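Okay, structure first, notes after.
Keep in mind that what you see is a predicted model, and the values were worked out from it rather than measured. Order of the sequence lines fixes the chain letters, A, B, ..., with proteins taken first and strands second; residue numbering starts at 1 for each chain.
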Amino acid sequence: MFWDFEWTFQILPDLMRGLAVTVQATLLGYLIALVLGLAIAMVRRVPVVGTAVHAVMEFVRTTPLLVQLVFVFALAPSTVSALTVGIAVLGVHYSAYTAEVYRSGIEGVARGQWEAARALSLPASRTWGAVVLPQAIRKVIPALGNYLIAMFKDTPLLLAITVVELLAMARQVGSADFRVVEAFTVVGFLFLLVSIPSAIIIRRLERRYAAV
Amino acid sequence: MPPSDASALINFDQVVKRFGDLTVLDHLDFSVAPGERVTLIGPSGSGKTTILRLLMTLEKVTEGLIEVDGEPFSHMPRGGRMVPANEAYLRPRRKRIGMVFQQFNLFPNMTVRKNLTEAPVHVLGLSRGEANARAEELLDLVGLSDKVDAHPTQLSGGQQQRVAIARALAMRPEILLLDEVTSALDPELVAGVLDVLRTVAETTDITMLCVTHEMGFARDVSHRVLMFDKGRIAEEGTPDEIFGDPREDRTKEFLRSVLDNGH
Ligand SMILES: Nc1ncnc2c1ncn2[C@@H]1O[C@H](COP(=O)(O)OP(=O)(O)OP(=O)(O)O)[C@@H](O)[C@H]1O
Ligand SMILES: [Mg+2]
């Protein structure tokens, strides 16, 4: 038989568990990328320090994620779980991208906004928090969302450091029973199940914020 | 160096401003008395905006010194020398100065109310209630009480500029800087904004530095007019002297060009 349905249903719970881990890892990594990227974008405006941070981020952005994962996992103490390393590396790697997104958003805020804030003597915390960032972030929500989808596509790379996630699961189960086609097809299907709704949500947000 | 006028609120002492090779203000000396309303006129590029931006600390002086209320402002004393003022030095002093911009520069992500209460709450330390009361009072002054919950994008240019004037006044500044505040407006909206400023001039003792091409308005509200050319004062006098009987050819020529442009 070309397709074994019985076997497919048998592995589905394991695959679903793997999917849950993947989604979890991605969301946590994304959270790191959102926060760290913003901090980097802000620090980049500080003279000397900003240039140094930029150089580091340029390096992070131009080396492959897989290499970074393997490298950090090899260096990390064994007490740190593979999943934690995976989430941290994913987050830091993508923060190099989100930082650029935030930066373009910040640069898109009119100079007059900074000047008005200064003319009112607003402290830096309010200038950033109440004036610049709300305007900057609103404009880059779609671009930030695209990186969430990109991260979902990259999470199978966590396999490389034996994170028990979706694709890793599929390979284990699939090769033992020689049902590789079923396992990978279901995995592909499950990935679509996650990334299509997230793409739709992002499209919605995009339209909503573009309208304002 | 000549001793600065002790009674002056604002004093420019040999102020030079350069952008690269371009000298915009050339050893400029002038002072403004407390409560005085001064209009700055002059051809494009003569340095009018730059003067206001130096006072608002949006630019730094290249040479010379600006004093406010008899105290160094562009610089501060440190170790027996004058060094460029840092943020800690400027913070309490800049609060006394407000500015209204040609392009309004309202915060589009905030309601009118928030635009007016943000700085009073977070800079002056007013309570929300106090700041709201002040905002409502000022919106009444500029005739926009019904727009308190609107967003700037829902307002006409003239309304936005009136909100911007209210926002600057909410800080209770001693000095108000106005840079061509009606230049970006459709002609039919200019009068409403000028009326608000006339009221402010009549009912307060705020010191005003005003760059404008509205000669009628300048004549009505200002005590003194400074005609700038190439970063220097070409002529100064009362509005009657400058507009009625200018001495300098440059002033005559400039006034003629402004009139020809339909102002
Ligand atoms: N940030 C800057 N960098 C370089 N040059 C500048 C800068 N700001 C102003 N300038 C130049 O300085 C000169 C004076 O500018 P300023 O804006 O003070 O003139 P102005 O009298 O206000 O003119 P206008 O009537 O056109 O507004 C102009 O030649 C202008 O191009
Ligand atoms: Mg100007």
Side-chain angles (χ1 to χ4, degrees), chain A residues 34-35 37-39 41-50 98 101-145 204-212, chain B residues 49 52-60 87-88 90-111 114-125 131 151-154 160-161 163-173 175-179 184:
Chain A
L34 284 184
V35 175
L38 180 58
M42 289 169 70
V43 168
R44 273 201 55 188
R45 297 181 68 92
V46 180
V48 187
V49 185
T98 55
V101 171
Y102 284 120
R103 188 182 61 86
S104 76
I106 291 166
E107 280 176 5
V109 174
R111 203 179 54 152
Q113 295 291 304
W114 293 92
E115 294 184 346
R118 191 167 169 86
L120 290 167
S121 292
L122 292 184
S125 60
R126 298 303 298 177
T127 302
W128 280 105
V131 177
V132 174
L133 290 183
Q135 294 182 53
I137 291 174
R138 170 162 293 211
K139 274 184 277 188
V140 299
I141 284 174
L144 290 174
R204 285 250 173 91
L205 283 174
E206 200 174 323
R207 227 175 287 140
R208 176 150 150 219
Y209 283 100
V212 180
Chain B
T49 295
L52 302 193
R53 291 175 59 84
L54 285 172
L55 271 168
M56 200 64 260
T57 71
L58 300 174
E59 304 282 359
K60 289 191 165 78
E87 188 55 28
L90 285 175
R91 182 151 287 283
R93 292 169 174 82
R94 186 171 42 212
K95 280 193 284 200
R96 306 168 64 179
I97 306 176
M99 184 161 181
V100 182
F101 301 86
Q102 188 174 343
Q103 298 297 337
F104 332 135
N105 296 344
L106 291 177
F107 303 131
N109 56 312
M110 299 181 196
T111 60
K114 275 273 178 201
N115 266 281
L116 264 62
T117 55
E118 173 67 27
V121 168
H122 294 283
V123 180
L124 302 182
H151 276 270
T153 46
Q154 298 166 321
Q160 288 188 52
Q161 194 59 296
V163 171
I165 292 167
R167 179 175 71 174
L169 292 175
M171 291 296 283
R172 301 262 161 95
I175 300 167
L176 186 62
L177 309 173
L178 304 159
D179 190 12

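In this structure, Y102(A) contributes its side chain and V140(A) its backbone to no donor-acceptor pair below 3.5 Å. With Q113(A) contributing its side chain and A110(A) its backbone, the two residues share no donor-acceptor pair below 3.5 Å. Counting only distance, with no hydrogens or angles, the side chain of N115(B) and the backbone of F107(B) share a donor-acceptor pair below 3.5 Å.
Top candidate by heavy-atom pairs under 4.5 Å with chain A, chosen from H122(B), M99(B), M56(B), M171(B), is H122(B). Chain A forms the most heavy-atom pairs under 4.5 Å with one residue out of E118(B), K95(B), Q103(B), and that residue is E118(B).
Side-chain contact between L133(A) and I106(A) is present, with at least one heavy-atom pair separated by less than 4.5 Å.
Both the backbone and the side chain of R167(B) come within contact range of chain A, judged by heavy atoms closer than 4.5 Å. With a 4.5 angstrom heavy-atom cutoff, F101(B) touches chain A only via side-chain atoms. Residue contact with chain A, scored on non-hydrogen atoms closer than 4.5 Å, is absent for T153(B). With a threshold of 4.5 angstrom between heavy atoms, L177(B) does not approach chain A through any atom at all.
Using a 4.0 Å cut-off between a side-chain N of Lys or Arg and a carboxylate O of Asp or Glu, E107(A) and K139(A) do not qualify as a salt bridge.
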